[in-house]
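Input: a single structure, listed below in structure tokens.
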Amino acid sequence: TLSHRPSLAMALFIGGGNIGFSLGPALVTASYAFWGWDGLWRIGIPGIIASLLLAPTAPAPVQRPHHERGSVWNALRRRWKSLLTMYVFVVVRGIVQLIFVTFLPLYLIDSGMSNLRVGAALSVFLASGSIGSLAGGVLAERVGERAIIRLSMVGSLPLFLGAFMLESLAVRLAVLSAALFVLLLSNPLTIVLAQSWVPKHRSTVSALLMGFAWGVGGMLAPLFGRVADIYGPGPALAAVAGLPLLGAVLAWALPGRAA
């Protein structure tokens, strides 16, 4: 069952959500072309229906004993070095992903693409990352989370850097999509690995890595926005393309899954 395959279960959860997210750019640009601004509310209807259908299946909240709730900080302190390394790793990966998602559309528009084609291209780019998250869970069941986390950084670095050396825009976009695929192999695995270190406080660990770390990565986006204002979106993307090297150093410092 999936309860005994945490990497695959987390990959299905995160990868499935990201596939829906990847459809957004193509759906929004097509809806705007068809209905205009006043009709964009229609694309929210499927989400409302899905929420209403899922609401009755939500599990009831579990109240933990008071002494367990008070021990969370002690548990985190015992593994603070591992958790801090993982946290910085997720921040670095989040910066790369967020900057490319933010500035790639501007880069493609500057390259002469129409809005509809940019929306479709961004959806392809995001879908590649979503499939990478799913593939990471499958591969980790065979070789372990830490090996795939290391592969995600070492493998994506030459793809991100090499893409900007290519002349063809279509080939450049294909290579960048492959880079995001490799980068996000680690997406569900960082959470599974960190949860194994603090098994009684998995929700807190998830919040640190999925929420707080992403938020910090997003806060750093304006720095690259300033670079894009001065030099253009292309140099801003090229500047962040080398960050997987730092991620690789951090990945090699991560301990394995706790028994």
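Values below: every heavy atom of this structure, side chains too, minus hydrogens, waters and symmetry copies.
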> Looking at CD1 of Ile148 and CG of Leu193, how far apart are the two atoms once the value is rounded to the nearest 0.5 Å?
Replying inline: 12.0 Å

> Could you walk me through whether Val227 and Leu223 pass the side chain to side chain contact (heavy atoms under 4.5 Å, CB included) check?
Replying inline: CA-CA 7 Å; Val227 175; Leu223 297 177; over 6 Å; no

> From Leu84 CG over to Tyr87 OH, what is the distance, rounded to the nearest 0.5 angstrom?
Replying inline: 9.0 Å

> Do you know which two heavy atoms are closest between Ile43 and Ser31, and how far apart they sit?
Replying inline: CG2-OG, 3.1 Å

> Is there a donor-acceptor pair closer than 3.5 Å between any side-chain N or O of Ser128 and the backbone N or O of Val124?
Replying inline: yes

> Say you draw a straight line from CD1 of Ile131 to CG of Leu126; how long is it, rounded to the nearest 0.5 Å?
Replying inline: 11.0 Å

> Do we see a donor-acceptor contact under 3.5 Å between the side chains of Tyr107 and Arg172?
Replying inline: yes

> Measuring from Glu145:CD to Arg150:CZ, what's the distance to the nearest 0.5 Å?
Replying inline: 12.5 Å

>> Which residue is it: Ser186, Ser156, Ser152? I am looking for the one with a side chain to side chain donor-acceptor pair (under 3.5 Å) to Arg93.
In response: Ser186

> With clusters built from Ile, Leu, Val, Met, Phe, Trp and Tyr whose side-chain heavy atoms come within less than 4.5 Å, directly or transitively, what are the remaining members of the cluster of Met165, listed by chain and number?
Replying inline: none

> Do Leu169 and Phe103 share a hydrophobic cluster (ILVMFWY, side-chain heavy atoms under 4.5 Å, transitive)?
Replying inline: yes

> Transitively linked via ILVMFWY side-chain contacts under 4.5 Å: Met153 with Leu161?
Replying inline: no

>> Give me the atom names and distance for the closest heavy-atom approach of Ile95 to Leu243.
In response: CG2-CD1, 3.7 Å

> Can you check whether Arg78 reaches Trp197 side chain to side chain, under 4.5 Å on heavy atoms?
Replying inline: no

> Would you say the side chain of Ile99 lies within less than 4.5 Å of the side chain of Leu237, judging by non-hydrogen atoms?
Replying inline: yes

> What do you reckon, is CH2 of Trp80 surrounded by more than 12 foreign heavy atoms closer than 6.0 Å?
Replying inline: no

> What's the spacing between Leu254 CG and Trp252 CH2 if we round to 0.5 Å?
Replying inline: 10.5 Å

>> If you compare all heavy atoms of Phe164 against all heavy atoms of Ala241, which two are closest, and at what distance to 0.1 Å?
In response: CE1-CB, 4.2 Å

>> For Arg42, is the CZ atom crowded, meaning more than 12 foreign heavy atoms sit under 6.0 Å from it?
In response: yes

>> Are Val90 and Ile191 packed together at the side-chain level, in the sense that at least one heavy-atom pair is separated by less than 4.5 angstrom?
In response: no

>> Rounded to the nearest 0.5 Å, what separates atom CG in Leu53 from atom CD1 in Ile48?
In response: 12.0 Å

>> Looking at every non-hydrogen atom in both residues, tell me the closest pair between Pro244 and Phe160 and how far apart they are.
In response: CG-CD1, 4.0 Å

>> What verdict does the side chain to side chain contact (heavy atoms under 4.5 Å, CB included) test give for Leu183 and Leu180, after you've listed the backbone C-alpha separation in whole Å, the side-chain angles of each residue and the deciding distance to 0.1 Å?
In response: CA-CA 5 Å; Leu183 180 76; Leu180 190 67; 4.1 Å; yes

>> For residues Leu151 and Val96: do they belong to one hydrophobic cluster (side chain heavy atoms under 4.5 Å, members Ile, Leu, Val, Met, Phe, Trp, Tyr)?
In response: yes

> Do Leu246 and Phe100 sit in the same hydrophobic cluster, where Ile, Leu, Val, Met, Phe, Trp and Tyr count as joined when their side-chain heavy atoms come under 4.5 Å apart?
Replying inline: yes

> What do the steps show when you test Leu83 against Leu209 for side chain to side chain contact (heavy atoms under 4.5 Å, CB included), and what is the final call?
Replying inline: CA-CA 9 Å; Leu83 290 171; Leu209 296 181; 6.0 Å; no

> Ile149 and Val143: same hydrophobic cluster, using ILVMFWY side-chain contacts below 4.5 Å?
Replying inline: yes

>> Please find the pair of heavy atoms, one from Thr29 and one from Asn115, that lie closest to each other, and give the distance.
In response: CG2-O, 3.8 Å

> Are any of the side-chain heavy atoms of Pro255 and Arg79 separated by less than 4.5 Å?
Replying inline: yes

> Side-chain contact, heavy-atom cut-off 4.5 Å: Leu173 with Leu104?
Replying inline: yes

> Ala251 and Phe89: which non-hydrogen atoms are nearest, and at how many Å?
Replying inline: CB-CE1, 3.9 Å

>> What verdict does the side chain to side chain contact (heavy atoms under 4.5 Å, CB included) test give for Leu159 and Leu176, after you've listed the backbone C-alpha separation in whole Å, the side-chain angles of each residue and the deciding distance to 0.1 Å?
In response: CA-CA 7 Å; Leu159 292 173; Leu176 287 175; over 6 Å; no

